[in-house]
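Below you'll find the structure, written out as structure tokens, and then a few comments.
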Amino acid sequence: MGDAIVGVVANPLSGRDIRRLVTQASVFPTAEKANMIQRMLTAFGAIGVHRVLLSTDLGGISASVFRAIERRAGSGRDRPGWPEVEFLDGQPIRQTAQDTAEAVRRMVIAGARVIVILGGDGTARVAATAAGHVPLLALSTGTNNVFPAVREATIAGLAAGLVATGQVPADGATTRAKLLEVRAGDRTETALVDVAVSTERHVGARAIWDPATVTQLFCAFAEPDAVGLSSILGQLAPVARHEPYGVTAHLSSAASRQVLAPIAPGLVVPVGVDGIERMRPGPEYLPDNAGHPRVRGTRARRVRDRRDSRLRPPVRG
């Protein structure tokens with residue numbers, strides 16, 4: 001089987017967007033992200049993972065893990081072993097989504113069999129685009145995340161380690177996720193959860209927290225217990241993650257059908273919904289001319305050229 005290699009990418013900027021100011025959303029501190037990685041290293045070592053590739057950052061996560069490794073080496077105490085940890089330095093750190101994409105690509109080239117992502121919906125989206133067919137385990141460390149799961153890092157590490165070592169076949173332990181594809185001119189973006197057509201002309205804080213600016217919504221899946229724009233259709237026309245279609249609708253304050261939706265933690269607002277339609281793989285959808293397509297995840301910018309924007313419905317990624 002060769003070396004069992006796991007990649008770990010931790011986004012230092014996840015969980016720090018505008019929703020902490022406008023809705024009192026929770027903050028996910030750097031120290032906890034570093035602690036999660038250390039708990040995963042213990043699980044990896046117990047399962048038999050040989051090597052871990054860890055992204056580097058300017059926020060203190062990788063530095064904290066490095067200090068923990070040094071403390072363990074110098075303590076002289078008998079502790080469960082950690083795998084060899086290789087820090088993926090040598091590349092400029094821009095503190096943008098490009099850092100995640102480059103780290104994931106390097107992990108794929110190095111032979112990682114599983115890549116664990118600590119971040120929000122935007123981090124998971126960027127990682128999924130770069131990972132190809134390597135399994136991803138996305139752990140939520142962002143704001144009201146829909147795609148990443150909230151899991152104890154020890155259990156996540158055990159699960160990732162079992163797949164990486166081949167003790168559990170990847171085909172039996174992983175599922176393929178749906179995605180939405182947005183095309184505007186020669187640019188293509190993908191979304192794992194939703195695409196909103198917004199009248200906001202400026203990127204600003206990137207997170208969409210005011211549904212009054214959204215005229216149209218496309219969802220790869222929509223769950224009634226989610227927080228965010230997808231919760232709107234999750235209440236009216238829920239679509240599970242495993243179902244081979246998505247859902248779209250127009251939003252308007254004048255619509256006769258109204259729903260109270262949790263748009264962000266601590267923010268529940270009425271939203272008018274019209275024209276709910278199931279999206280099946282195959283046909284393309286033209287977004288409204290009144291807005292700009294925006295993919296979920298605050299690490300993603302809006303798609304600027306609305307004149308030729310087309311959206312492909314859910315396909316298996």
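- Using a cut-off of 4.0 Å between Lys/Arg side-chain N and Asp/Glu carboxylate O, Arg72 and Glu70 are scored as not salt-bridged.
- At a threshold of 4.0 Å, the pair Glu86-Arg106 does not count as salt-bridged, since none of the basic side-chain nitrogens sits closer than that to a carboxylate oxygen.
- A salt bridge between Glu32 and Arg39 is present, with a side-chain N of the basic residue lying under 4.0 Å from a carboxylate O of the acidic one.
- Using a 4.5 Å heavy-atom threshold, the side chains of Val182 and Thr188 count as separate.
- Checked for salt-bridge contact, Glu189 and Arg183 miss the test: no charged N lies under 4.0 Å from a carboxylate O.
- Heavy atoms from other residues, nucleotides or ligands lying under 6.0 Å from CG of Asp186 number 12 at most.
- Defined by atom type and a distance below 3.5 Å, a donor-acceptor pair is missing between the side-chain atoms of Thr96 and Gln98.
- The pair Lys178-Glu243 does not count as a salt bridge, with every side-chain nitrogen at least 4.0 angstrom from each carboxylate oxygen.
- For the residue pair Ser62/Asp57, the side-chain donor-acceptor check at 3.5 Å is satisfied.
- Taking the six-membered ring for Trp and thresholds of 30 and 60 degrees, Tyr285 and Phe218 have ring planes more than 60 degrees apart, a perpendicular arrangement.
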Exercise answer: donor-acceptor pairs, residues 252-268 side-chain atoms, under 3.5 Å, sequence neighbours excluded:
residue	atom	partner	partner atom	Å
Ser252	OG	Ala254	N	3.2
Gln258	NE2	Ser253	O	3.3
Gln258	NE2	Ala255	O	2.8

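- Here the options are Val193, Val247, Val146, the test is side chain to side chain contact (heavy atoms under 4.5 Å, CB included), and the partner is Cys219; only Val247 passes.
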